[in-house]
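The structure appears right after this line, and notes come after that.
Every chain is numbered from 1, with letters handed out A, B, ... down the list of sequences.
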There are 2 protein chains.
Amino acid sequence: MSSATLKKYYEGAEKILVAIDCIIFGFDKETLKLLLFKRKIAPFAGEWSLIGSFVQSGESVPEAAQRVLEESTGLNNVYLEEMGSYSDLQRDPGSRVISIAHYALIRLDEHKQQLVETHQARWFPYDDLPDLILDHQEMTQNALAKLRRKARYQPIGFELLPEKFTLPQLQLLYQAIYQKKLDRRNFRKKILSMKILEKLDEKDKTNSRKGAFLYRFDEKKYQELERKGMNFEL
Amino acid sequence: MSSATLKKYYEGAEKILVAIDCIIFGFDKETLKLLLFKRKIAPFAGEWSLIGSFVQSGESVPEAAQRVLEESTGLNNVYLEEMGSYSDLQRDPGSRVISIAHYALIRLDEHKQQLVETHQARWFPYDDLPDLILDHQEMTQNALAKLRRKARYQPIGFELLPEKFTLPQLQLLYQAIYQKKLDRRNFRKKILSMKILEKLDEKDKTNSRKGAFLYRFDEKKYQELERKGMNFEL
DNA sequence: CCAAAAGTGTTATCGCTACACCCATGA
DNA sequence: TCATGGGTGTAGCGATAACACTTTTGG
């Protein structure tokens with residue numbers, strides 16, 4: 001094939017605007033929350049929106065997503081996963097844009113509150129979201145569905161908790177994700193039987209007089225067990 | 001915001017070539033196979049490749065994927081799912097292209113053999129693939145991983161079998177997907193206990209003198225049971 | 001009648017569920 | 001001392017895994 005034909009092949013195709021959008025999950029006491037932003041540009045300026053950005057010519061899709069997350073939360077080592085593309089021709093009245101949605105799990109206590117204010121952002125309980133622009137509502141629903149499926153078989157819940165957490169906290173998190181109550185004894189038995197938590201000597205007394213022991217997720221031990229065929233399931 | 005600013009916002013961003021690629025799975029007797037194509041254009045003309053295409057300005061991503069599948073197999077009602085984006089800056093030496101990979105499950109007996117020949121395509125056993133161009137090797141690995149995870153909890157295996165199939169066939173399929181032997185009695189017990197298969201009066205005698213009863217997947221019954229909270233697991 | 005694949009039941013074990021009481025502590 | 005949340009054990013049940021023999025029939 002001549003280089004003229006090659007040129008024609010690639011140049012004959014049409015370039016398209018590509019964006020990424022981020023569904024940012026946080027967990028607060030007993031509630032799953034989303035970080036939403038007041039959109040600054042038309043159309044729909046002033047309305048609530050996921051945070052997003054166009055993919056620049058010098059960056060890959062994951063790089064764009066990480067950039068956006070860092071700009072909006074100040075965090076750069078967060079759990080971030082691609083969720084799927086949204087490409088309806090009419091999805092954005094401003095222009096034809098293909099968006100690749102991502103969801104992120106962040107620790108509410110670690111993100112920079114100041115950046116949230118700078119961006120006119122707000123944390124909303126998942127069950128009480130405002131109307132969102134474009135197809136962002138659909139994206140959030142798909143994100144929660146994906147989070148639910150994934151959390152059952154992979155230890156990603158810990159990404160939403162502080163580094164040190166109590167078992168009651170962990171249980172509340174899973175109850176929020178699954179939207180159902182779990183039995184305390186059975187929950188403890190199961191999670192502890194996996195031997196992927198390190199029990200610390202400290203107690204957290206913010207929620208009770210007795211205090212609850214703090215634990216830490218042991219990533220190394222988990223990966224070791226996973227290699228040996230153990231599989232996480234909650 | 002003025003419309004001049006709006007214009008700048010959308011026009012300030014850079015458009016990018018967007019493609020889709022398809023990992024096409026088939027199942028033949030006891031082997032999982034992939035449909036691969038001899039690439040017709042430079043760079044890498046003549047080498048083996050997944051089938052793909054640029055996303056046109058008048059179509060969405062799923063539409064592009066369906067178009068490509070129909071062009072290459074003649075089938076238009078196949079199981080097709082998006083798998084993720086591939087966007088490394090250097091992934092395609094011909095140009096900067098973001099590709100959104102999809103995997104498809106098709107019935108080997110239904111696709112148009114003639115189209116396969118037209119496209120200089122060939123079915124390869126998954127365990128014996130030729131070298132593939134670009135990042136297509138990585139895509140196929142990710143596709144199999146995804147198929148494995150998904151097949152365990154959703155009845156998608158049937159998409160790879162003829163409409164009527166025998167239990168030994170179904171078992172061979174799952175053995176090929178999981179790459180491990182399953183116990184015949186336990187396998188039957190489990191799949192039959194779900195009550196999502198309709199037993200027919202016909203037998204398939206191609207593999208034995210005695211013949212094996214044919215079954216059909218009952219989509220309606222499955223959806224009904226799923227609504228009631230039953231969950232498929234194999 | 002025999003080779004080759006299809007079909008069938010039982011038992012032991014494991015994991016899950018359901019469930020109620022004691023413990024530690026600060027106010 | 002008491003109210004509050006944290007922590008623990010067990011028994012019954014259902015699901016899974018392991019395992020071997022009989023049936024059918026074309027050649």
Q. What's the closest nucleotide to the Arg209(B) side chain, out of dA3(C), dG9(D), dG7(C)?
A. dA3(C)
Q: Please state how far atom CZ in Arg184(B) lies from atom P in dC21(D), giving the value in whole angstrom units.
A: 14 Å
Q. Asp183(A) or Ser208(A): which one's nearest nucleotide on DNA chain C is closer to the 5' end?
A. Asp183(A)
Q.
Between C1' on dT25(D) and NZ on Lys203(B), what's the gap in Å once rounded to a whole number?
A. 9 Å
Q. When the nearest nucleotide of DNA chain D is assigned to Lys199(A) and to Lys205(B) on a heavy-atom basis, which residue is associated with the more 5' position?
A. Lys199(A)
Q: Considering only NZ, NE, NH1 and NH2 on the basic side and carboxylate oxygens on the acidic side, decide whether Glu47(B) and Arg39(B) come within less than 4.0 Å.
A: no
Q) Given dG7(D), dT25(D), dG7(C), which nucleotide is nearest the side-chain atoms of Ala212(A)? A) dG7(D)
**Q.** Sugar-phosphate, base or nothing in reach of Asn186(B), heavy atoms under 4.0 Å
**A.** base
Q.
Tell me whether His111(B) contacts the main-chain N or O of Thr73(B) through its side chain, where contact means a donor paired with an acceptor under 3.5 Å.
A. no
Q. Lys210(B) has a side chain; which of dG26(C), dG9(C), dA6(C) sits nearest to it?
A. dA6(C)
Q. How many Å lie between CD on Gln169(A) and P on dG7(D), as a whole number?
A. 11 Å
Q: Check the distance between dA18(C)'s C1' and Leu182(A)'s CG and give it to me in whole angstrom.
A: 14 Å
Q. Under 3.5 Å, is there a donor-acceptor pair between the Gln66(A) and Glu70(A) side chains?
A. no
(Q) Among Asn142(B), Thr140(B), Leu134(B), exactly one meets side chain to side chain contact (heavy atoms under 4.5 Å, CB included) together with Glu138(B). Which residue is that? (A) Asn142(B)
Q: Look at the side chain of Arg185(B) and decide which nucleotide, out of dG26(D), dG7(C), dG9(C), has an atom nearest to it.
A: dG9(C)
Q) Can you tell me how far P of dG15(C) sits from CZ of Arg188(A), to the nearest Å? A) 20 Å
Q.
In this structure, how many angstroms lie between the C1' atom of dC16(C) and the CD atom of Glu233(B), rounded?
A. 14 Å
Q: Specify the separation, in whole Å, of atom CG of Leu214(A) and atom C1' of dG5(D).
A: 15 Å
Q.
In this structure, how many angstroms lie between the P atom of dG7(D) and the CG atom of Asp204(A), rounded?
A. 10 Å
Q: Using the six-membered ring of Tyr178(B), assess whether NZ or CZ of Arg152(B) lies under 6.0 Å from its centre and within 45 degrees of the ring axis.
A: yes
Q. Among dG27(D), dG6(D), dG9(C), which is the nearest nucleotide to the side chain of Lys189(B)?
A. dG9(C)
